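Only this structure's heavy atoms are used, side chains among them; waters, hydrogens and symmetry mates stay out. These numbers come from a predicted model, not from an experiment.
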There are 2 protein chains.
Amino acid sequence: MSDFSSWVSARQSRFEEVLMRLLPQADVLPQRLHAAMRYSVLEGGKRVRPLLAYAAGELAGATVERVEIAAAAVELIHAYSLVHDDMPCMDDDVLRRGKPTCHVEYDEATALLVGDALQSLAFQLLSEHRLSDDAAKQLQMVKLLAVASGSRGMAGGQAIDLASVGKQLALPELEQMHIYKTGALIRAAILLGAHCGTLHQAQLDQLDRYGKCVGLAFQVVDDVLDSEADTATLGKTAGKDADNDKPTYVTLLGVQAARKMAADLHGDALEALAGFGAEARRLRELADFIVMRKF
Amino acid sequence: MSDFSSWVSARQSRFEEVLMRLLPQADVLPQRLHAAMRYSVLEGGKRVRPLLAYAAGELAGATVERVEIAAAAVELIHAYSLVHDDMPCMDDDVLRRGKPTCHVEYDEATALLVGDALQSLAFQLLSEHRLSDDAAKQLQMVKLLAVASGSRGMAGGQAIDLASVGKQLALPELEQMHIYKTGALIRAAILLGAHCGTLHQAQLDQLDRYGKCVGLAFQVVDDVLDSEADTATLGKTAGKDADNDKPTYVTLLGVQAARKMAADLHGDALEALAGFGAEARRLRELADFIVMRKF
């Protein structure tokens, strides 16, 4: 196992324990809701956002205990968006991470409340734990996550996505959609990790540039994988976007140009880290991982 | 018009302007989502929670500009819960405040995202405006709203409510449900208003007692009104709870005992304010209003 792979595995398994501890226990009232929240968050996903937060936190000299609270808040927002996104009135998907989606395993009303309660819990985590010695800075962290989640962030990106079904989007519009839909939260993960430590504003700006590039690259690669993979490899229903007549980088550019775009963004992401030296190694490796991944 | 009525009208109309300013404009991308958010929040409701926040803020010597940001955050949480609650997978209601519900006027996917984005906006407001000279205290305010909204607050109450359909709840269980479902957010409105100013902990505890009593009284009166009123007076579909075989204070106690319970809670609420003197007048009048209201 490479050094990077062991770093990833160690953090993924550590993070799973963090989530198990931070999520309400399933024997606490209302039990069914809490069980469904745990079902929707635990044992799932590559934890890309938390890994980015860990890496940015390490670069910024933050204590791991603070970084993983911030990472958990971001991951809960991501998890809630998947639960709501899978519901019949949105993408109507029955499979997620190889398991039945929340509304299939439980029911639609529970899935709705799971998403709602996970979002509240994210903001509870960011406000009840000490993540910075400066409370005013921590309030800014709350704001950062709120904006990244809201109508000019992730939820707004979903709305543009919905409106785009059956339409011919131009590249700048598709990009704006993904900057909102996927990019905002990936960027928030990196910045929140970094804010747990100490970096100069110029360094934060470079990290933000890195975050924008990997966020967009993530989506481009997602579109390429969705167009190529089969359902078993992907762990979710494959080819759905094309089936749903949603514009993707692949439908817009073709597979070759989409791959080229991901490679260019990868290069830009690494360039944004140029000023950091060896300490940004994990962020570089994560950029590689995001672009090279096969699932 | 009584002195209290003019106080209420002045704050209601001022608060409407606050909401109009704080909600994203409908010409900002994503326009349809922003229009639906404004549709769901503006021109609606009695604004009971904001009025309680104003009254508690006045008692605590807070500046009105701070109080109304906190009040808006609470009202956005309330508004999002109504939008989600009205969806087909929950109460499946087509009428709210005399207007078509959000998913009827727009569509289900938009209603889902409206609720999600309103919740994010609530936490954005609490973190981006200065509401206290002490940032650490303001972080506690964020936590207070997050807990009141989440699985051990409003969303949890909804989950218990769902699970109770067709069941015979005992009075303590029904009470626990409403403490979560309605009580938590009413209590948060009062405490957040108070936290914008300065009160001693003992005074905050008394306000909290007041909040618990009016929160529960609000729900008992709601059940009584729902069992008696017709749809036109109520501005929402009447008699739904009994139709849906949901336990209410009326189905459990009968109308007379439910009225008696509301009167007792009213008395307890006033008693909790005994230590405050004349300055708690508005909170007393609001307790009267909540118990005596006809709609």
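Using bins of under 30°, 30° to 60° and over 60° for the plane-to-plane angle, the ring pair F123(A)/F123(B) lands in the parallel bin.
Interface summary for chain A: among M141(B), R32(B), M154(B), R152(B), the most heavy-atom pairs under 4.5 angstrom belong to R152(B). Contact tally against chain A (heavy-atom pairs below 4.5 Å) for R130(B), Q119(B), M90(B): the top residue is Q119(B). Of the listed residues L126(B), D116(B), D134(B), L121(B), the one with more heavy-atom pairs under 4.5 angstrom with chain A than any other is D116(B). Interface check for chain B: of the options K137(A), Q158(A), H34(A), the most heavy-atom pairs under 4.5 Å are formed by H34(A). Here K143(B) is the residue among Q140(B), K143(B), H103(B), Q31(B) with the most heavy-atom pairs under 4.5 Å with chain A. The choice from H84(B), E128(B), Q124(B), M37(B) that makes the most heavy-atom pairs within less than 4.5 Å of chain A is H84(B). Options A109(B), A155(B), A117(B), G156(B) differ in how many heavy-atom pairs under 4.5 Å they form with chain A, and the most are formed by A109(B).
Nearest approach of S149(B) to S120(A), heavy atoms of both residues: CB-OG, 3.5 Å. The minimum heavy-atom distance between P30(B) and I160(A), with the atom names listed, is CB-CG1, 3.9 Å.
With contacts defined as side-chain heavy-atom distances shorter than 4.5 Å, the pair L139(B)/V142(A) qualifies.
For L29(A), the parts lying under 4.5 angstrom from a heavy atom of chain B are both the backbone and the side chain.
For the atom pair OG (S151(A)) and CG (L118(B)), the distance works out to 8.5 Å, reported to the nearest 0.5 Å.
Counted within 6.0 Å of CD on E43(A), heavy atoms from surrounding residues, nucleotides or ligands total 12 or fewer; the atom is thus considered open. The number of heavy-atom neighbours closer than 6.0 Å to CZ of R187(A), taken from other residues, nucleotides and ligands shown, is 12 or below.
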